[in-house]
Amino acid sequence: MALSQSGSTRDHWSSRSAFILAAIGSAVGLGNLWRFPAEAGANGGGAFVLFYIGCVVLIGLPILLSETLIGRHGQASAPESVRRVASASRASPHWDILASMGVLAAFLILSFYCVVGGWVLYYIGVFFVDIFNSGISGGAFTDQSAEQIESLFPTMIGSAGWTVGLDALFLGITLYFVARGVSGGIEFVAKWLMPAFFVLLILITVYGAFGGAFNQTLEYLFTFEPEKLTGPIMLAALGQAFFSLSLGVAGMITYGSYVGRNVNLASTSALISGADTAVALIAGLCIFPIVFSAGLSVSAGPGLMFQTLPHAFQEMPFGSVVGLAFFVMVGFAALTSSVALLEVPVAWMIDKFRVVRVFSAIIVGFGALVLGALAALSFNVLSDWHPLDFIPIFEGQGFFDVLDGLTAKFFMPIGAILTALFIGWVADRKLVDIENGLGGALHLTWLALVRFVCPIALAAILVVGLLPEEEPAEAPDAAEQVEAE
Ligand code: PFF
């Protein structure tokens, strides 16, 4: 535990590199490995990918810097940090709504994120058992047909016991590390798991590249066909950029609040978003060659990782070992993100009710378990429950998809618009100048992006997100995918 500049014993990252690893750990997760390739595959490849990169640079990065700046100045949980910046700027304390909504959103995302984390645990187990039964040298599932392999996923998520049990297990692991604190738990996870993650990612990508479909992948991911760039695809790319960089849910405000004064936030934010984008692209370069070489389709949406890939591993030499390594890698990335999601409401509760960390983690974890169980059950016993049927854009959606849609279409864009307005127009200029670590032309560019580009572009996602969906090109919802089986 380090002393903060105010002399309190608030826990801090032990070094700049610890913060960078933890923030990259928060950003790199299922969003990069599961959602990005699925979205790119379902949305036609190159046009989506290039627009996504534009969104990261012009919108994601300025908001990331704004969020870490608020946290670092505030040195408290997200809503309290906003109030401190507001107070130093003689602005209304009610701007804290942007962070309070974020705390709620992080809690909602955590609930369904751990359900998917549980699916990853399932596949770690499946490949482990496969190696145990058939040895390491062959492809995966030697004695099974393609249909049998692809039916593993619907069978698992069709079972209430499996989905809820695995959700609870993944949430329990997350809770354990968050309960141990910032430097002792969250930082520990990031320091060990992120380097291991990078090694596995590179190894699997290089191995997959020898399968022969690398050029096809490069062409698929980077050929820019402007006519494919439709409104829904642009919005899907913008939403994906936000989810991937962990923005709009107070996550980076919270992580920023454990950063010391000696850290340059601008260069650190650039590093975090660069690493996150690189991982998303490498994930594409890792997954698509494996799928292409097996002659399978990349446009399976959410089923890409959990159905198409396990099938593709059958075609690879040492496929079961590669499969196990792949899902362990995904599990590491998911855990460093879920600890970030849990930390946001836990830090808020510690500040607000002056409770100890372990107690706060248990209470929030229990709430997330209840919501997560409802989300998990929406794939099986509660599949006919459509809680927001009366709102057109949520019509016919199960609880899992409702949580996903509510956070991605409402909470994240609204939280980010308010952040941009607050930092761009309301916060004291001197405070912002001192905190952001930018000078000259870069500073002016950043300010212009935060003041004008971010709020306008984000308001567009919000408006289009509210319109009833007519997006045939978009990835189907996970629940729909399974119902179609
Ligand atoms: N960025 C994470 C991912 O790509 O999986 C998800 C996430 C983590 C969102 C933490 C928000 C957050 F605060």
Side-chain angles (χ1 to χ4, degrees), residues 21-40 52 55-56 60-61 63-64 67-68 70-71 77-78 98-99 101-117 119-120 170-171 174 177-178 186 189-190 193-194 197 201 236-258 269 272-284 302 305 329-348 364 368 403-404 406-413 415-416 419:
L21 277 179
I24 293 177
S26 160
V28 170
L30 294 167
N32 305 60
L33 301 164
W34 176 52
R35 225 164 166 260
F36 177 81
E39 292 262 319
Y52 171 86
C55 291
V56 168
L61 179 53
I63 300 279
L64 175 60
E67 287 201 10
T68 47
I70 294 173
S77 69
L98 74 90
M101 278 176 41
V103 173
L104 177 60
F107 173 69
L108 298 179
I109 296 177
L110 173 73
S111 307
F112 71 84
Y113 203 86
C114 288
V115 173
V116 185
W119 301 347
V120 175
F170 193 83
L171 185 60
T174 305
F177 287 108
V178 170
I186 300 177
V189 172
L193 299 194
M194 283 321 285
F197 165 84
L201 181 66
L238 188 52
Q240 173 60 23
F242 259 72
F243 187 84
S244 191
L245 289 172
S246 308
L247 298 177
V249 298
M252 289 297 180
I253 302 182
T254 307
Y255 269 25
S257 76
Y258 304 123
S269 301
I272 296 166
S273 38
D276 184 63
T277 309
V279 171
L281 295 177
I282 297 174
M305 178 184 285
M329 168 189 91
V330 178
F332 285 176
L335 185 62
T336 53
S337 295
S338 61
V339 293
L341 286 163
L342 178 56
E343 175 62 15
V344 177
V346 164
W348 167 78
V364 178
L403 286 181
D404 186 9
L406 264 182
T407 46
K409 289 190 171 145
F410 291 93
F411 284 94
M412 284 185 154
T419 304

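Both counts, for ligands and for their atoms, begin at 1 and track the order of listing. This one's a predicted model, so the numbers in the text were calculated from it and none came from an experiment.
- Here the closest heavy-atom approach between residue Leu30 and residue Ala334 is recorded as CG-CB, 3.9 Å.
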Give a table of atom pairs where an N or O of ligand 1 lies under 3.5 Å from a protein N or O.
residue	atom	partner	partner atom	Å
ligand 1	1 (N)	Ser26	O	3.2
ligand 1	1 (N)	Ala27	O	3.0
ligand 1	1 (N)	Phe243	O	2.8
ligand 1	1 (N)	Ser244	O	3.0
ligand 1	1 (N)	Ser246	OG	3.0
ligand 1	4 (O)	Ala27	O	3.0
ligand 1	4 (O)	Gly31	N	3.3
ligand 1	4 (O)	Asn32	OD1	3.4
ligand 1	5 (O)	Leu30	N	3.1
ligand 1	5 (O)	Gly31	N	2.7
ligand 1	5 (O)	Tyr113	OH	2.5

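- With hydrogens and angles ignored, the 3.5 Å screen pairs no side-chain donor or acceptor of Ser244 with any backbone N or O of Gln240.
- Side-chain N or O atoms of Ser337 include one that pairs as donor or acceptor with a backbone N or O of Gly25 at under 3.5 Å.
- The aromatic rings of Trp34 and Trp119 stand perpendicular to each other, their planes meeting at an angle above 60°, with 30° marking the opposite boundary.
- Within the 3.5 Å criterion, the main-chain N or O of Gly248 finds a donor-acceptor partner in the side chain of Glu67.
- The backbone N or O of Leu335 sits less than 3.5 Å from a side-chain atom of Ser338, completing a donor-acceptor pair.
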